Structures are given as C-alpha cells and as structure tokens.
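What follows is a set of notes on a single structure, which appears directly below.
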4 protein chains.
Amino acid sequence: MLLTIDPNNGLPIYDQIVRQVKFAIASGALRPGELVPSVREAAKQAAVNPNTVARAYRELQAEGVLRRVRGTGLAVTEDAPAYCRKERVKLLEERLRQVLEEAAQSGLSEAELRQLVEKQLRLLSRSRGRRGSS
Amino acid sequence: MLLTIDPNNGLPIYDQIVRQVKFAIASGALRPGELVPSVREAAKQAAVNPNTVARAYRELQAEGVLRRVRGTGLAVTEDAPAYCRKERVKLLEERLRQVLEEAAQSGLSEAELRQLVEKQLRLLSRSRGRRGSS
Amino acid sequence: MLLTIDPNNGLPIYDQIVRQVKFAIASGALRPGELVPSVREAAKQAAVNPNTVARAYRELQAEGVLRRVRGTGLAVTEDAPAYCRKERVKLLEERLRQVLEEAAQSGLSEAELRQLVEKQLRLLSRSRGRRGSS
Amino acid sequence: MLLTIDPNNGLPIYDQIVRQVKFAIASGALRPGELVPSVREAAKQAAVNPNTVARAYRELQAEGVLRRVRGTGLAVTEDAPAYCRKERVKLLEERLRQVLEEAAQSGLSEAELRQLVEKQLRLLSRSRGRRGSS
DNA sequence: GTGGTCTAGACCACC
DNA sequence: GTGGTCTAGACCACG
C-alpha cells in the first residue's frame, strides 16, 4: 500500500489518498480485515501532513470503507471491496469524461483526438512495462 | 466564441476560460485582429463572475495571446495562432497523461482501461454528432 | 443563529455545531436559501477556531443540509428541513437513552429516577421562562 | 459487580468504569471491605483493555473510594458509601442537565420534550423488567 | 504505539 | 469578503 501523491494534480491531496485506498481495495491489494498504514506512517511515506491523511481516512470511515479498531488502527471492512469496485469505475469514468470533453472542445478532429489518446496509452503501457519488469 | 464552464471540473474557472480561448484561436475560430467578447458579455454568457473572466483575459495578455486595443477591447495577436496550437497539444497531453496514469494506478488491466476509454470516446462522438446536427 | 459551545460537553465541538445547525433548521429558525454565518464569523462568535467550524460545515454539506454558493457563503438546501427534523428526534433519543440507561444502572429506583428527571425538567423550564421573558 | 461498557457512549471507557463502581457502592451492591474484581478479571468481563481498568481503579484510589490491600487486591474503603451516594446524584444530575439542555436548544416545545423523555423512560423500565425477571 | 480533536496560521480560488 | 486546503504541532483516549 504505497501512496504516490502529486501535489499539482489539481485533485486535493486528501482526495488522492481516498482514491488510492479505494483503488487498492478494488484491485484486491488490500483485503477486508487488513490494516491500512497508520496515519503517521502514511504521512511520512507520502511526505504529507498527518492531518491530511487523517482527513482522507475519516472520509473512508464515513463511507464505510474503513473501520476503527481501537488502539490498533484502521481496518478494511467486509463490504469495502464490492463498494470500491463500483466506485473505481465511477471515479475513472467521471475524470475521463471531463478530459475528453475538454479535448473535444479544443477543436481537434476525432481522428486527431484518437491519435492523442493512443499516444498517451502507448506511453503509459511502456512505463507500466518498465515497472512490471523491474 | 462560446464559453462552456463546468464549475465541478477540478480546473479553476479562469483556467477553463484561458484554455478555451486558446483552443478557439488554435482551431481558427478566433483569428488575429478579432476581438474577444467583452469581460461583461463573456461573464454573462458563461454565468460566471466578471472578475473571473477579467483574470483569464489578464493571463492571456501576459502570455501575449491578447492585446488591448484602446477603447475597443481585447484583440487576438498575430503570434497567437502558432503559440496556441503548440499550447493546445501540450495542455491536452498533460491532462490526458494525468488521468490515464490515475486509471493505470487503479489496478485496471490495460484491456479494461482501453474499454473504458473507448466507451467515453463513443459517448463523446455521439454528443458531438447531436450538437453538429442541431 | 447563535452557537453556544460547551467545550466540556463530551461532544466534540464540531459535532455540537453540526447539531445546532440541524436544530436551527428543524425548528424553522434557519430556512432554505438562507445563509449560515460565515466560517470566520461563526468561529469568532463561538470563540472557536475557524477550522473547527469549517469541519462542521463540511459535514453538513456532505449530508446535503448546506450547499456552497460560490463567493457568497453556505446556504440551507431545500431538502434540509425535512431531513433535519428526522435527525433531531434521532439524535435526542439516542442521547437521552444513553443517559437514562446510565441512571438506571446507578441503582436508583424508578421512582427516584423520575424524581431526578422531574427536577431537571423543572429547572430547565424555569431557565427557559427567564430567557423567554427577557 | 458487572461492568456494562458502551464504547459509543461519548464517555471515556475508564470513566464509565469509575462511575459504575461508584454506583455499585452507592447502591450497596459493593460494601466497605469488599474487593473489587481484579484488573484482569474486570477487563476480561467488560471486554476492555486491562490498562483502561487499571486507570479507572487508579482514579478510584485517588478519590479515596478504593484502597490497596497488599497482596490481596483493591478494597472498598469505609468512607466510600457516603461519598459515592453524593457523587451519584451529582454525576447523574450533571449528565441529565446537559442532555435536557441540548434537547431544549433543539427547538422542541416542553410538551414534545416531556413526551420524548416519557418514551425513553418507558423503554427503559420495560428492559429493566425483562432483566429483573431473568 | 493507535486514531481523534483542536488551535494557529498560511495560501488559493472565487465574488 | 467567501469557503477550501494544507501544514505544524499540541493534547487526549485507548491499547
């Protein structure tokens, strides 16, 4: 469970954390009953203020994704995986829609747009490959 | 030159305006010497505060895309089209990269990711079609 | 809309604020469309840190009780009164139940318990009367 | 001497323990010279961390309600019953006052408030009856 | 050690 | 002026 924060993402940091936790649960990297990294640890790892992590975790509790185990930490709930898989699609579709809409407004033809998307997908799979083979 | 603002875009409104003006110039919809809508008019059309439009126009002047024509308004500069075409690609690639990277982090396989992108592209071209035929 | 905060209430301050706003809406003292006091103003009035008020207001937005009006403030939503009236009963019953349960555990007879409750209700209506007549 | 802990009470657990011990002494269920359950036993029975029980017992010793009997455990002092009876009324009145005050602030009329209180008292005496008959 | 709350104060986006 | 985000650091309750 490694958090990778980009402070210039546009998305608030706490939101990036919320998403990444949900994604980790959706993909099975975090399973029900497992503990998420402690507030302080996650904050250190992500080079972020503990309050910011705490806020993200608070929201995840409010959504029923995490539950508090007193004196122990925050654990993934039983319902979380199903919920997070739904959320994942929703969150990604929303963001994709926004960006593609903007691209469409830019006056590019559909062919040019597809070309742009293809280029980025290729770049992505290449960097993925690198990460995968390392 | 119609502005379409989405306040929940994540992008600040003034930035959305800056981008759309650049896009309009890049695509030839706005040509050197032409005037952009007045601050008040644009603000009314986009249902946005005039200060926000003013700020966007200020930035466009600072980048050399617009210039003041005393007593007349703001006109597109001669250098703007070349500049804006470069910007357009840069801005779109940057946004696309961010979103696709996030999608990649979400644990979706490349196939699933492509499927999502295709779905959104189809949705987009459909809504474009509608707008085109209206 | 005056906030009265008791830092030794046991209830977190942000929660006291959340409750009081809901109560004010439930009782009709705050109506749909009206603005709640600004974060800074409420913080000053309640002698509390603005962040604490902001957190309370954030939760009220998340519950759909308040909505943000950009650059203007936070307004009561249309749905808020119905929702808050339901909440009011729920919140009060929960608290009453806790306290009466504790009282019951204390070994008092039911008669003694009723006497205690009556005494407090009388004290309350007296202080209410004073406030009402002032 | 059975402890019934509600972790969502708002009251800290150690405080709930302190109160319940005092209540047991006030009502005569625990008499001077009698031993309270050992820290470990009480912790097991109440499903609570031993440290938390230890803290409660520490406070009860500081208040002069319990005293260490070397090698034996903690015993109720001679002065405890009188002291605890006073405390009981004080503690309950304080809590009742808080809750009723909050209820009053909620904008309910006195009649509605009384109705709420009656409802909870009835619920309480019913559950008491059940417990009594078991 | 864990999370939760609160304060203080900075900076940003928007009106 | 409005709310939103973030940092820094203190204190509390609990294990």
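Nothing here was measured: the structure is a model prediction, and the numbers come from that model. In what follows, chains are A, B, ... by sequence order, proteins preceding strands, each numbered from 1.
- Under the 4.0 Å criterion applied to side-chain N and carboxylate O atoms, A/Lys90 and A/Glu87 are assigned as salt-bridge partners.
- Within the nucleic acid shown, A/Gln61 comes within 4.0 Å of sugar-phosphate atoms alone, with no base atom in reach, counting heavy atoms only.
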Query - Dot-bracket notation for DNA chain E, counting Watson-Crick and G-U pairs under 3.5 Å, with | for partners on another strand - result: ||||||||||||||.
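- In this structure, C/Arg40 reaches the bases: a heavy-atom distance under 4.0 Å links it to at least one base atom across the strands shown.
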Please tabulate, one pair per line, all N/O donor-acceptor pairs under 3.5 Å involving side-chain atoms of residues 50-62 of chain A, not counting sequence neighbours.
residue : atom : partner : partner atom : Å
A/Arg55 : NH2  : A/Tyr14 : OH           : 3.4
A/Tyr57 : OH   : A/Pro37 : O            : 2.9

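- The distance between atom CD of B/Gln16 and atom C1' of E/dA13, rounded to the nearest whole Å, is 12 Å.
- Checking C/Gly73 against A/Thr52, the closest nucleotide of DNA chain F that is more toward the 5' end is the one next to C/Gly73.
- Closest heavy-atom contact between A/Gln16 and A/Leu11: NE2-O, 3.0 Å.
- Both C/Glu41 and D/Ala47 lie close to DNA chain F; mapped to their nearest nucleotides by heavy-atom distance, the more 5′-ward contact belongs to C/Glu41.
- Looking at every heavy atom in both residues, A/Val76 comes nearest to A/Arg67 through O-NH2, 4.2 Å.
- Across all their heavy atoms, A/Glu34 and A/Ala29 have their closest contact at OE2-O, 4.1 Å.
- Contact annotation: the side chain of C/Leu91 never approaches that of C/Arg95 to less than 4.5 Å [non-hydrogen atoms, C-beta and beyond].
- Along DNA chain E, the nucleotide nearest C/Ile13 and the nucleotide nearest B/Asn49 are compared for position; the residue whose nucleotide lies closer to the 5' end is C/Ile13.
- The two residues B/Gln20 and B/Ile5 have their closest heavy-atom pair at NE2-CD1, 4.4 Å.
- Using a 4.0 Å cut-off between a side-chain N of Lys or Arg and a carboxylate O of Asp or Glu, B/Arg97 and B/Glu93 do not qualify as a salt bridge.
- Nucleic acid contact class of C/Tyr57 (heavy atoms, under 4.0 Å, all strands): none.
- When DNA chain F is scanned in the 5' to 3' direction for atoms under 4.0 Å from non-hydrogen atoms of chain A, the outermost contacting nucleotides are F/dT5 to F/dG15.
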